[in-house]
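Before any comments, here is the structure.
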Amino acid sequence: MSPLSSPAPLRTTPRLLWALLRLAMAAVIVAAIVAQLIRTLGFAIDKDRDFLTVLTNFFSFFTILSNVLAAITLLLCGLWLLTRGRRRRFQPRALSVLLLSVGTYMVITGIVYNTLLRGIPLEPGGTVAWSNEVLHVVGPAMLLLELIFRVGVRPISWRALWVVVGFPIVWVIYTMIRGEQITSPTTGQPWWYPYPFLNPYTVPNGYLGVAGYVVGISITVIAVASLAIWWSRRRADAEAPLEQLNCPEPIASASAS
């Protein structure tokens, strides 16, 4: 047979291991979210707090939203790698952009928590320690490795940068508008913001100070995403460290080129 009609055999073991790691990490992240949710809602019931407000507040944290997206993305990418990834080198473009976006959000989650939020006093007994570390350290570290190793990820267009920044912009707008409409179930104050650096009542210079934090974090988001896109394009013709595979696109694609 000619080279076009007979693709070289694939060494699937590295991809299989990475797929299993993705699925395992997705499960760990889900477990961490559920554990913290149970603890948070349990506190709400014990202290007679508004249940719906507490539940909505929980899913208004960028950390929770980014980890939910991370679990979904790792599940999808892991399943693709176990199935079609055995015969195809690159996953669909949309899946690659999704991984880029969620990877960026998780890296930002890790950076912001460990530079601005770690050590801030929390309500005693309200946090599940192992869950907190998974959501702010272990999960972000896994997604950072995804951005570095790019297993099955195709080179990404610079236009994808607009996709990456869309979600954080919407989240900030939602957070700042909602913050003034919610009474804090913990303190009773007539406002609620998920993070201290977004609270204009406690940040020096009020909204101007909040804007400074938002701009700084936005620059970091753009920088992380840009670096990830550059890395994917720089290594477009090279094999990722964990792949080292000869995995051409399907025969039909080769024949049509």
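Values in this document were obtained by computation on a predicted structure and should not be read as measured data. Residues take their numbers from the sequence shown, with the count starting at 1.
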Pairs under 3.5 angstrom only: tabulate donor-acceptor contacts from the side chains of residues 97-110 to other protein residues two or more places apart or in another chain.
{"residue": "S101", "atom": "OG", "partner": "V97", "partner atom": "O", "Å": "3.0"}
{"residue": "T104", "atom": "OG1", "partner": "L100", "partner atom": "O", "Å": "2.9"}
{"residue": "Y105", "atom": "OH", "partner": "V164", "partner atom": "O", "Å": "2.6"}
{"residue": "T109", "atom": "OG1", "partner": "S66", "partner atom": "OG", "Å": "3.1"}
{"residue": "T109", "atom": "OG1", "partner": "Y105", "partner atom": "O", "Å": "2.9"}

- Residue list, side chain to side chain contact (heavy atoms under 4.5 Å, CB included) with P196, at least two apart or on another chain: L117, I120
- Message: Taking side chain to side chain contact (heavy atoms under 4.5 Å, CB included) as the definition, give me every residue that meets it alongside T40, ordered by chain and number, with sequence neighbours left out.
- Response: Q36, V54, F58
- Message: Tell me whether W80 contacts the main-chain N or O of L75 through its side chain, where contact means a donor paired with an acceptor under 3.5 Å.
- Response: no
- Query: If you measure from CG on D50 to OG1 on T183, what distance do you get to the nearest 0.5 Å?
  - Reply: 9.5 Å
- Fellow cluster residues of V137, listed by chain then number, with links counted only when side-chain atoms sit under 4.5 Å apart: none
- Message: To check you understand the geometry: which heavy-atom pair defines the closest contact between C77 and Q91, and what is its length?
- Response: SG-OE1, 3.9 Å
- Note on the structure: Hits for side-chain hydrogen bond (donor to acceptor under 3.5 Å, both in side chains) against N132, two or more places apart or cross-chain, chain-then-number order -> Y113, H136
- Message: Could you measure the distance from the CZ atom of F62 to the CG atom of L69? Nearest 0.5 Å is fine.
- Response: 8.5 Å
- Task: Please report the closest heavy-atom contact between G126 and F43, naming both atoms and the distance.
- Result: N-CZ, 3.7 Å
- Item | Step-by-step side-chain contact (heavy atoms from CB on, under 4.5 Å) determination, V28 to M142 | CA-CA 11 Å; V28 170; M142 174 64 187; over 6 Å; no
- Message: Enumerate the side chain to side chain donor-acceptor pair (under 3.5 Å) contacts for residues 67-79, please, sequence neighbours excluded, ordered by first and then second residue.
- Response: none
- Go through E146 and M25 one step at a time and tell me if the side-chain contact (heavy atoms from CB on, under 4.5 Å) criterion holds. CA-CA 12 Å; E146 288 282 6; M25 183 55 62; over 6 Å; no
- Which heavy atom of A19 sits nearest a heavy atom of G78, and at what distance? CB-O, 3.6 Å
- Item | Residues clustering with V30 (ILVMFWY side chains joined when closer than 4.5 Å, directly or via others) | V34, I38
- Is there a chain of hydrophobic side chains (I, L, V, M, F, W, Y, each step under 4.5 Å between heavy atoms) that links I64 to V170? no
- Query: Is the closest side-chain donor-acceptor distance between Y195 and T63 under 3.5 Å?
  - Reply: yes
- Message: Which residues pass the side chain to side chain contact (heavy atoms under 4.5 Å, CB included) test with A32, not counting sequence neighbours?
- Response: W130, S131, V134, L135
- What residues, two or more places apart in sequence or in another chain, satisfy side-chain hydrogen bond (donor to acceptor under 3.5 Å, both in side chains) together with T187? S184, Q189
- Task: For side-chain contact (heavy atoms from CB on, under 4.5 Å), just list the numbers for L161 and I156, CA-CA rounded to whole Å, side-chain angles, deciding distance to a tenth of an Å, and then say yes or no.
- Result: CA-CA 9 Å; L161 190 59; I156 301 171; over 6 Å; no
- Examine distances only and state if a side-chain atom of R15 and a backbone atom of R89 form a donor-acceptor pair shorter than 3.5 Å. yes
- Query: With under 30° as parallel and over 60° as perpendicular, where do the rings of F61 and W192 fit, or are they tilted in between?
  - Reply: perpendicular
- Check whether L52 and I45 end up in the same hydrophobic cluster, where Ile, Leu, Val, Met, Phe, Trp and Tyr are linked by side-chain heavy atoms less than 4.5 Å apart. no
- Non-neighbouring partners of R118 that pass salt bridge (charged side-chain N to carboxylate O under 4.0 Å, His left out), sequence neighbours left out: E133
- Residues F197, V112; criterion side-chain contact (heavy atoms from CB on, under 4.5 Å); working and verdict: CA-CA 10 Å; F197 57 82; V112 171; 3.7 Å; yes
- Query: Can you tell if the side chain of R233 reaches within under 4.5 Å of the side chain of W158, non-hydrogen atoms only?
  - Reply: yes
Would you tabulate the side-chain donor-acceptor contacts of residues 207-227 under 3.5 Å, counting partners in other chains and residues two or more places apart, or write 'none'?
{"residue": "S218", "atom": "OG", "partner": "V214", "partner atom": "O", "Å": "2.7"}
{"residue": "T220", "atom": "OG1", "partner": "G216", "partner atom": "O", "Å": "3.0"}
{"residue": "S226", "atom": "OG", "partner": "I222", "partner atom": "O", "Å": "2.7"}

- Within a strict 4.5 Å, meaning less than it, do heavy atoms of the R154 and L95 side chains meet? no
- Within a strict 4.5 Å, meaning less than it, do heavy atoms of the V153 and F90 side chains meet? no
- Message: Show the nearest heavy-atom pair for residues I148 and W231, with the distance to one decimal.
- Response: O-NE1, 2.7 Å
- Message: Test: salt bridge (Lys or Arg N to Asp or Glu O under 4.0 Å). Region: residues 91-103. Which pairs qualify, not counting sequence neighbours?
- Response: none
- Note on the structure: Tightest non-hydrogen contact, residues R39 and T127, listed as NH1-O, 3.5 Å
- Item | Any side-chain heavy-atom pair of I182 and T53 under 4.5 Å | yes
- Mind listing the closest non-hydrogen atom pair of L198 and Y193 along with its distance? O-CD2, 3.5 Å
- Answer yes if L65 and I177 sit in the same cluster of Ile, Leu, Val, Met, Phe, Trp and Tyr residues linked by side chain heavy atoms under 4.5 Å apart, and no otherwise. yes
